[in-house]
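After the structure tokens below, expect a handful of questions from me.
The model shown is predicted, which means the values in this text are computed figures rather than measured ones. Computed from heavy atoms alone, side chains included, the values below leave out hydrogens, waters and symmetry copies.
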Amino acid sequence: HCVTGVQTCALPISEVFEVRHNQADAVFSLDQWIEKIKDVDAVFTTGVEPINAAVLAHCTRLKIAANMTVGYNNFNVADMTKKGVAATNA
């Protein structure tokens, strides 16, 4: 079993963490988006899903958001910084 830190994990991520996905590339309304991520610690975004004050007000567990695209126009970095949420590209 793997733990966070320096150890290497050879298990599929879904065996260690709860994984939710959007294989259909559905586009969510703001309310749907908040409902999908309100109880997660981390999220990958495709560059269209916002991470801003309105979203963060409902996502108190969120620690990191990573865009799977170039750039971060959908991230309000100031809002994320105030809430202690890291922003990165994946």
Discussion item. Is the shortest side-chain heavy-atom distance between Ile51 and Ile37 below 4.5 Å?
Written reply: yes
Worksheet item: Which distance, rounded to the nearest 0.5 Å, do you find between the CG of Asn52 and the CG of Asn74?
Response: 9.5 Å
Response to the item:
Closest heavy-atom pair, Trp33 versus Phe28, reported as atoms and distance to 0.1 Å, is N-CB, 3.8 Å
Worksheet item: Do you reckon Phe44 sits in the same ILVMFWY cluster as Leu56, going by side-chain contacts under 4.5 Å, direct or chained?
Response: no
Worksheet item: Which heavy-atom pair separates Asp39 from Lys36 by the least distance, and what is that distance?
Response: OD1-O, 4.3 Å
Fill in: For the student: nearest non-hydrogen atoms of Gly47 and Thr69, plus distance
CA-OG1, 3.9 Å
Item to complete: Check Val19 against Ser14 and note the closest heavy-atom contact, atom names and distance.
Response: CG2-CA, 3.7 Å
Worksheet item: Roughly how far, to the nearest 0.5 Å, is the OG1 atom of Thr46 from the CE atom of Met68?
Response: 6.0 Å
Item to complete: Step through the shown structure and confirm whether more than 12 heavy atoms of other residues, nucleotides or ligands are within 6.0 Å of CG on Asp41.
Response: yes
Discussion item. Applying a strict under-4.5 Å side-chain criterion to I, L, V, M, F, W and Y, I'd like to know whether Val27 and Leu30 cluster together.
Written reply: no
Worksheet entry | Ser29 backbone acceptor or donor facing Gln32 side chain under 3.5 Å | yes
Worksheet, complete the sentence: side-chain contact (heavy atoms from CB on, under 4.5 Å) test vs Val43 passes for just one of Ile64, Leu62, Val85, namely Leu62
Worksheet item: Looking only at atom types and distance, does a side-chain atom of Asn89 sit under 3.5 Å from a main-chain N or O of Val70, one as donor and one as acceptor?
Response: no
Worksheet item: Going by heavy atoms in the side chains, are Val55 and Glu49 under 4.5 Å from each other?
Response: no
Worksheet item: If you take all heavy atoms of Met80 and Ala86, which pair is closest and at what distance?
Response: CE-O, 3.5 Å
Worksheet entry | Atom pair CG/NZ of Asn76 and Lys82 - distance to nearest 0.5 Å | 7.5 Å
Worksheet item: Hey, are the side chains of Phe75 and Thr45 touching, using non-hydrogen atoms and a 4.5 Å cut-off?
Response: yes
